[in-house]
Every structure is written in structure tokens, then in C-alpha cells.
A.B. asks: 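Handing you this structure, nothing more for now.
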Amino acid sequence: VIIFSLQAGNFVFFVVCCSFSSSTCTHFASHQKLMLFSKGKTPPPGVRPAMLLLGFLLLAVLPHTPSAQSACDPLPSPWRSADVGAVISPGHTCLNGSSGQIIIQASGNFAFYGRIYSRLMYQPVSTANGATVTIAARVTGQNATDFGFAGVWAATSLYSSAAYAGLVLAGNGRAMIMKCPVSAPGVNCAHPMVPYFFSPPLWLKLEITGTDATTYYAGDSNGAPDTWYAADTSKLPAGPLYMGLITAQPGNTANIATFDHVVPICVATEQTGYTPCGTSASCAPSCNA
């Protein structure tokens with residue numbers, strides 16, 4: 001709670017800014033030409049005690065909403081989270097263990113030659129020997145700009161120069177197919193759009209067998225995926241991969257995306273489908289059809 005003063009003639013008006021970010025109040029004050037007492041300005045006699053009392057009263061009666069970070073549970077092993085590339089500000093990943101909801105905050109960007117700067121929640125996996133790996137989740141919301149996005153992802157490393165494949169929901173309502181089949185991205189990268197508009201909740205899935213990476217999307221039917229539709233099949237080098245959920249956002253604002261019904265990454269030599277089985281670290285038998 002920060003209190004400003006505004007003087008008009010012989011009158012002094014007081015403005016109370018209530019925010020859990022001091023920068024929000026300072027920004028507000030600079031636009032409204034308010035005097036911030038805490039920056040060395042001296043209030044009129046007798047006003048300072050009244051300001052402090054008012055501030056404490058407001059803190060006592062205003063509801064407090066915990067930040068996403070304060071309500072986080074540890075990610076179960078082997079899940080991990082990291083920023084990829086030259087992000088504008090550090091990202092954050094939060095798991096609500098009771099609901100299974102995952103919140104990923106990121107500021108990143110498309111860079112030249114297909115590089116993606118982002119926040120990735122991932123597991124190390126391998127597609128060597130023809131193994132199949134699958135990740136699926138429901139995107140329930142995000143505050144993305146037109147080309148900010150959230151979705152499912154796999155990459156050959158945690159560097160922005162990695163080869164990658166994925167399917168993401170962009171802030172403009174389009175599902176973008178993300179494919180860059182070789183490291184040190186260049187002309188081989190492509191980001192075509194699925195020819196439909198979507199709004200959350202939307203189910204996304206990425207399944208990789210050997211070098212074939214196939215993406216799928218499905219509408220939501222009472223908390224479960226409706227019919228799965230194939231979006232695209234691209235190539236990724238067989239071998240070690242970092243697979244999971246991605247969030248990114250161009251510009252200076254962060255995209256805060258929410259996911260749930262995250263299916264543990266299943267590894268099998270043969271796999272035709274699965275049912276959601278929570279956020280446990282291991283691949284439950286129900287993941288494999």
C-alpha cells in the first residue's frame with residue numbers, strides 16, 4: 001500500500017495505491033503526477049501518522065491473493081524446468097499438486113533462423129532403438145499476445161539452436177505447428193498454422209517414434225479430449241530429447257499459461273493411445289493402450 005498526495009490550491013488530496021508490486025504504484029503515480037512521500041517528499045504536519053494508520057488498516061482488511069510462486073509444490077522427478085535462450089526476464093514454473101494444474105510464466109521470442117526463446121518444463125527422454133515417447137496436456141488459459149504461445153514440445157537440447165517439434169496454441173487463437181528438423185536452425189524451420197481458430201481449453205499432443213514427430217489436437221469434452229486430429233508429422237533426430245510443455249511471449253510482458261491433465265511422458269516400443277493419468281513421475285499402465 002503506497003499513499004500519494006495531489007495538491008490543488010489550498011487543498012491536499014491523498015491517493016491510495018494498493019498493489020503487491022511497488023512498481024505498479026510508481027508507474028501509476030508518474031502518469032497522474034502524484035507526489036510519492038516515500039521518495040523524500042515531506043507531508044504536511046500530522047499527515048504522516050494518519051497515512052501509516054490508513055496503510056495498516058488497508059493491509060488488514062484487503063484480501064490477499066498469494067502469488068503463483070508462493071503456492072507452488074515441487075515438480076516431481078524427473079520433471080525439470082528451465083529458460084531456453086535469451087529470454088527477456090527469468091521464467092517460472094509452478095505445480096499445484098492438489099489440482100494437477102501447472103502454471104508456466106515466460107517471456108521469450110522468436111529469433112532469427114527459427115530459434116525459440118522460451119520457458120520449458122521437460123523430462124529427458126530418448127527415441128533411440130525406435131522407442132515411442134508421448135506428451136499431452138490441456139491448455140486451459142494464457143494471457144498471450146498474438147504470437148505468444150503455450151503447448152507441447154520436444155527439442156534435442158536446452159539451447160535455442162536445438163532442433164525441435166511441437167504444437168502450440170497462440171494468443172491469436174491459431175494452433176501453430178512448430179518444426180525445425182536440424183540443429184543450428186535455418187531455412188529448414190517452419191511454423192505453419194492449423195487452419196482453424198481455437199480458444200482454451202484445448203488438448204495438444206506430441207508423439208515421437210524414432211525420427212517421426214506427429215502432433216495432434218482435440219477439443220474439450222467435460223474435461224477429457226474429444227476426437228484427436230493429426231496436425232502434422234515432421235522429423236527429429238533419433239536419440240536424446242527434452243520433452244514437455246513450453247510457454248513463450250514476444251516483447252516485455254510475460255505470458256502466464258495454465259495447463260492441466262498433463263499426461264506423464266510415456267515410453268513404449270508400441271503405443272496407439274492413452275488415457276490421462278495425472279502428473280506422476282512414472283508412466284502408469286493406463287497411459288498405454
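Numbering of residues begins at 1 and proceeds along the displayed sequence.
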A.B. asks: Honestly curious: do F197 and W203 fall in one hydrophobic cluster under the side-chain, below-4.5 Å linking rule?
C.D. replies: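 Cluster IDs for F197 and W203 differ.
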A.B. asks: Would you check if there is a donor-acceptor pair between the side chains of Q249 and T145 at a distance under 3.5 Å?
C.D. replies: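 The criterion, which ignores hydrogens and geometry beyond distance, is satisfied for Q249 and T145.
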A.B. asks: Do L241 and I208 come close enough that some side-chain heavy atom pair is under 4.5 Å?
C.D. replies: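 In contact.
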A.B. asks: Which heavy atom of S126 sits nearest a heavy atom of P240, and at what distance?
C.D. replies: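 That would be OG-N, 4.0 Å.
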A.B. asks: May I ask you to decide if G141's main-chain N or O and T258's side chain share a donor-acceptor pair within less than 3.5 Å?
C.D. replies: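 At least one qualifying donor-acceptor pair exists.
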A.B. asks: Hydrophobic clustering (ILVMFWY, side-chain heavy atoms < 4.5 Å, transitive) - are Y159 and L120 grouped together?
C.D. replies: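 As far as the 4.5 Å side-chain criterion goes, Y159 and L120 are not connected within one cluster.
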A.B. asks: Identify the heavy atoms of F259 and T247 that sit nearest to each other, and give their distance.
C.D. replies: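 Looks like CE1-OG1, 3.8 Å.
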A.B. asks: Is it possible for you to say whether V168 and M193 belong to one hydrophobic cluster, with membership spreading through side-chain heavy-atom contacts below 4.5 Å?
C.D. replies: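 In one cluster: yes.
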A.B. asks: Which atoms form the tightest heavy-atom contact between G251 and S107, and what is the distance?
C.D. replies: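 Smallest interatomic distance, heavy atoms only, reads O-CB, 4.5 Å.
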A.B. asks: For the residue pair V194 and R174, what are the closest heavy atoms and their distance?
C.D. replies: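 V194 and R174 have their closest heavy atoms at O-NH2, 3.1 Å.
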A.B. asks: Is there a side-chain contact between T127 and L236 in this structure, where contact means two heavy atoms from C-beta onward sitting under 4.5 Å apart?
C.D. replies: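 When only atoms from C-beta onward are counted, L236 and T127 do not touch, as no gap falls below 4.5 Å.
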A.B. asks: In Å and rounded to the nearest 0.5 Å, what is the CG to SG distance from L75 to C94?
C.D. replies: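 Answer for the CG-SG pair, L75 versus C94, is 8.5 Å.
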A.B. asks: Which heavy atom of P201 sits nearest a heavy atom of D220, and at what distance?
C.D. replies: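 Minimum heavy-atom separation between P201 and D220: CG-CB, 3.7 Å.
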A.B. asks: On the 0 to 90° scale, with breaks at 30° and 60°, tag the W153-Y164 ring pair as parallel, tilted or perpendicular.
C.D. replies: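 W153 vs Y164 ring planes: parallel.
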A.B. asks: Would you please indicate if the ring centroids of Y217 and F198 are separated by under 6.0 Å?
C.D. replies: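 For Y217 and F198, the ring centres are under 6.0 Å apart.
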A.B. asks: As a test of understanding, state which of N172, V139, L167, I246 forms a side-chain contact (heavy atoms from CB on, under 4.5 Å) with F149.
C.D. replies: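 When side-chain contact (heavy atoms from CB on, under 4.5 Å) is applied between F149 and each of N172, V139, L167, I246, only I246 qualifies.
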A.B. asks: Rounded to the nearest 0.5 Å, how far does OG1 of T214 lie from CD of E207?
C.D. replies: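 Result: 6.5 Å between the selected atoms.
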A.B. asks: Of the non-hydrogen atoms in R119 and S81, which two are nearest, and what is the gap between them?
C.D. replies: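 That would be NE-OG, 3.0 Å.
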A.B. asks: Just how far is it from atom CG of L245 to atom CD1 of I103, taken to the nearest 0.5 Å?
C.D. replies: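 Rounded to the nearest 0.5 Å, the CG-CD1 separation comes to 13.0 Å.
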A.B. asks: Less than 3.5 Å apart, any donor N or O on the side chain of Q142 or N255 sitting next to an acceptor on the other?
C.D. replies: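 Looking only at side-chain atoms, N255 and Q142 do form a donor-acceptor pair, the distance falling under 3.5 Å.
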